[in-house]
Structures are given as structure tokens and as C-alpha cells.
Amino acid sequence: MLYEKRNTSYASAPVNRRLKPFAAVVVLAVLFLSLKPISMQVNGKGHLLLKKYTSDSHLSNYGVIGHQAIDWIEFLTSQQVLELSADEKEEINELLASEDRAVPREDPLLMPGLFEGKNLLMIQFESLQQFVIGQEVNGQEITPTLNRLVESGLSFENYYPQTAEGNSSDAELLVFNSLYPLKEGSTFFRYPMVDYPSLAKDFKEEGYTTTAFHGDEGTFWNRDAVYPSMGFDRYYDIDDYEDVEEHALGMGLSDEAFFEQTVNHLQELPKPYVASLITLTSHTPFLIPEDEKLINTGETKHTSLGNYFESIHYTDHYLGEFLKKLEEEGQMEDTVVVVYGDHNGVFKETKSEVEQWNGRAITEEQWRTDFTSVPFIVSSTDLKKPLHVTDVAGQIDTAPTLRDWFGLPDETTALGHNINRFMNEDVFLLRGDYGERIVIGQDRKVTDYQPGHFETLEVSERLIKSNFNHLSE
Ligand code: GP9
Ligand code: MN
């Protein structure tokens, strides 16, 4: 007994002393590994770490500590400027200097410099796809406003979205900067502070006011941090709009209120201006309240496709009111309006509904070529006759093309082509939340990436990560 007692006391005291720190380490390790971001990293799903919408969503997904961890990881990654080797610089500069995968047109589509000095209104229309343009449901036009713009303006019928995991924000990166998004994560969150060579900056150099408008939180997709790096002088977010609670719809401010109040903000801008408007209401899940629906979609009502039509029609309608107001104020003479879709909203799961509405079967290849493109429409009183272009193009081509139409100098880091003067051999789409990795040729054949496509993506990634340091010695 004594022995046992002595033995117990002999054994327990030092073991306790040894176990306590060990147990603390184990508990801390378990806690650390149970943090969602860390466990995802351990499970090989680490790239999800880089998917971040808002701080709020991180908070609900990962908890307070996980949220802090992610913020730190993102902050540290974006602080590291990638050092480029001499070979890498050469490779980048060679690719930028070449007009690979494009052939010159005999004549430009529009006279270069045609829009010089005009205001530019860029309208990024949430989830807008090309296949609804000019179409009807239950005997009514789905997009009457856009149809009028197409009838009198320039439109690209095979313009493809090239977003990856940054969704709407990737569209902004592609369209304004002619850069491809990073393969993983959100470029806006990972590299907010780099010196983006952007269309907005080029306009600014010509004396333009550069402004962005969106009816969502300024922090969403980190826009409030990125827009200054992209050359926007001012970002009007949801806090700059009035009666927000009364006009809340879907993810934020209704497009009705957004367009109505943006007219007033535009009036205050010194001219000429570039204004980027990002719409919001036609975001998935496309649920417009019954008393706000503006179209009776007949047989498609209460289906995914019907909801999509209602949403698109809603935003199209208020876009129409907005343009009417600008017209009444006499602003349209001096303003070029560009409307484009950010990414798809209708996916393969809804293909059978689309087939039923269309009254025909759609092959896999047709789905990719005909049902994944988004509109790119240009409207201006300078366009004397309509022009409908069927060449394949991508969001990456937008900035170089607009530069030509507005008489701005070329940007040497643009990875897209000036489709006013060139025709792409192909366009490639990226793997992401709304896209799959495919190449669509000018002959409309769908193929897989060739080494050149991977190389272009790699160059874009290196340009961003090195803060465009490719020209330094
Ligand atoms: C949010 C809006 C929609 O501000 O841009 O985001 P999405 O989910 O389409 O990227
Ligand atoms: Mn979007």
C-alpha cells in the first residue's frame, strides 16, 4: 500500500508536470487544425482559402479566428512582390510584343478615334447572357432596352466571359485592365495594391473624371481597395445611395433605385467622364418579388429559366428608364454607352428548360458556343448604322478596343487584342465558378488549351504578382 502509494505519488507528480505542457500543445494543435482554413489546407483544398467574398461571409464560414487567419494570409501574400528572372522577363516581353493568335482586318470596324473626348458609360450587367438578346418569352421581349441598343448600335454576338474564381470582380479586371484573373482565388483580394495598367488611368491622363458605381458594400470583392489601384478617383458604393433599406432587393440596393440615383451622381461629375456601373439585382437566385415583376413569363413562370428572364427583364427595364433620363437631359449626344455581361447565370443544369423554351435540342458543343457568350453592346449617336459582329472575342479584348475607338495610346501590358483592327484566331475561357476551361475557335469549334494558352495565363499571373516589373533591369 505504502509502496503503491509511494509509487503513485512518485509517478503522478512528474507525469503531471510533463503532461500539462504536452496536453496544452495537443489542445492548441487540435484547435488550430480544426480551423476551417487550416483543415482545408491539410485536406488539399487550400485554394479555397483564397476564395473570399466579404469579411462577413468569412466570419460566418470560418469564425473569428479563421477570419483573422485568412486576412493575414491574404495580406502577406499580396505584400510579396514576385521577383522575375531575366528569362521570365524576356518571355513576358516577347509575348506582349507579339500579336499572337490574331490576324489584322482589312478595315477597322469603326474609325479609330471616333469617340474621342466623349463620356464613356460602362455598364456591367449582372449575369446577362447573349442568348436572351432579341428573344421573347410568352410573346414579350425579354430585353427591350438592350434590343433597341443592338438595333441601332454595334454589338458582338460571340463575346465570351473569361472570369475565374473572382466572378464579377474578374470581369472588371478583364474588361478594364486586359489581364486574365489568377488561376486560384480572387485577384482583387490577393493583389489589391498593385499598380494596374488600366483603361481608367489612361482616360485620367486625358483629363477624364473616373468613377465607379455599385449598389453593394464597398468591401465586396475588395473593390474599395482595388478601385484606386485601377485609377478610379471615386467609388460610390451602397453608402452613397439614399433610402437603401426601403429599396433593398436581393444582394443589395435594387437596380431601380441604383439607376435612378446614379443619374443624379452623374450630373455632378466634371466632364468628360468614365463611369463604371455595376448592376446587382439580376444576380442568382433571380428572385424578383411578385409585386415587382414586370413580365409575365407564361409557361416558364416559377422555373429557373423563368426566374432568370424576370430578373434580366427587371434590370433591362430600369436601364431603359436610366437611359431615357440621360436622353431627356441631353447627355446622350456626348456619351458612349457600353453594356456587357459579367458571366453566365444559366448553367447546364437548366439546359433542358432552355431546350423546352427554344423548342429544339441543344448539343453540348452548341451549349458552349451559343449559350455561354455574353453581350458586348456599344451605343452612340456617332454610329450611323447598326453593326453586328459575329467574330469570336473575349472580355480581355475590351480595353485595347475601347482605347482605339477613343483615340488613346496602346497599353503595352494588354493581353487582349484590339478587335477594331484584329480578328482573334480563338478565345479561351477559364476554369472558375462560372466557367470551364475551353477554347472556342473562330470556326466555332471547341477545343482544349494549347501550350500558348497556358503561357498567356502564366504571363498574366506573373505581371500581377511582380507588380508589372517586367521592364526593369
Ligand atoms: C457583388 C456583385 C455580385 O457586389 O458584384 O457578385 P458575383 O457573385 O456575381 O461575383
Ligand atoms: Mn456577377
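For the numbers below, each heavy atom of this structure counts, side chains included, while hydrogens, waters and symmetry mates do not. In listed order, ligands and their atoms are each counted from 1.
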Exercise for the section: Can you see which heavy atom on Asp316 is nearest to which on Leu146, and at what distance? Expected result: OD2-N, 3.0 Å
Handout entry: Metal-centred angle, the Mn ion (ligand 2) as apex - OG of Ser168, OE1 of Glu126, 10° resolution
Key = 90°
Handout entry: Any N, O or S atom of Ser127 closer than 2.8 Å to the Mn ion (ligand 2)
Key = no
Exercise for the section: Check whether any side-chain N or O of Asp397 sits under 3.5 Å from a backbone N or O of Gly394 as a donor-acceptor pair, and report yes or no. Expected result: yes
Exercise for the section: Using atom types as modelled and distance alone, determine if a side-chain donor or acceptor of Asp240 lies under 3.5 Å from a backbone N or O of Asp237. Expected result: yes
Practice task
Report yes or no: does His283 have an N/O/S atom closer than 2.8 Å to the Mn ion (ligand 2)?
Solution key: no
Exercise for the section: Below 4.0 angstrom from a heavy atom of Glu126, which ligand 1 atoms are there? Numbered from 1 as shown, please. Expected result: 3 (C), 9 (O)
Handout entry: Atom indices of ligand 1, in the order listed, that fall short of 4.0 Å to a heavy atom of His283
Key = 3 (C), 6 (O), 7 (P), 8 (O), 9 (O)
Problem - Close N or O approach (His214, ligand 1; < 3.5 Å) - result: yes
Practice task
Classify the angle between the aromatic ring planes of Phe468 and Tyr196 as parallel (below 30°), tilted (30 to 60°) or perpendicular (above 60°).
Solution key: perpendicular
Exercise for the section: Please identify which atoms of ligand 1 are closer than 4.0 Å to at least one heavy atom of His343. Expected result: 9 (O)
Practice task
Could you check Ser169, Ser127, Ser168 and say which one makes a side chain to side chain donor-acceptor pair (under 3.5 Å) with Asp342?
Solution key: Ser168
Completion exercise
Taken to the nearest 0.5 Å, the spacing of Glu217 CD from Asp224 CG works out to 10.0 Å
Exercise for the section: Could you tell me how the ring of Phe213 sits relative to the ring of Tyr236: parallel (under 30°), tilted (30 to 60°) or perpendicular (over 60°)? Expected result: parallel
Handout entry: Atom of Asp342 nearest the Mn ion (ligand 2) (restricted to N/O/S, atom name only)
Key = OD2
Exercise for the section: Would you mind running through ligand 1 and noting each atom that sits below 4.0 Å from a heavy atom of Leu280? Expected result: 1 (C), 2 (C)
Exercise for the section: Heavy-atom contacts with Ser168 under 4.0 Å: which atoms of ligand 1 show up? List them by number with element. Expected result: 2 (C), 3 (C), 5 (O), 6 (O), 7 (P), 9 (O), 10 (O)
Completion exercise
Going by the 4.0 angstrom heavy-atom rule, the piece of Glu217 near ligand 1 is neither
Problem - Row check, Phe220 ring normal vs Arg223 NZ/CZ: under 6.0 Å, within 45° - result: no
Practice task
Enumerate the atoms of ligand 1 whose separation from the nearest heavy atom of Asp216 is less than 4.0 angstrom.
Solution key: 1 (C), 4 (O)
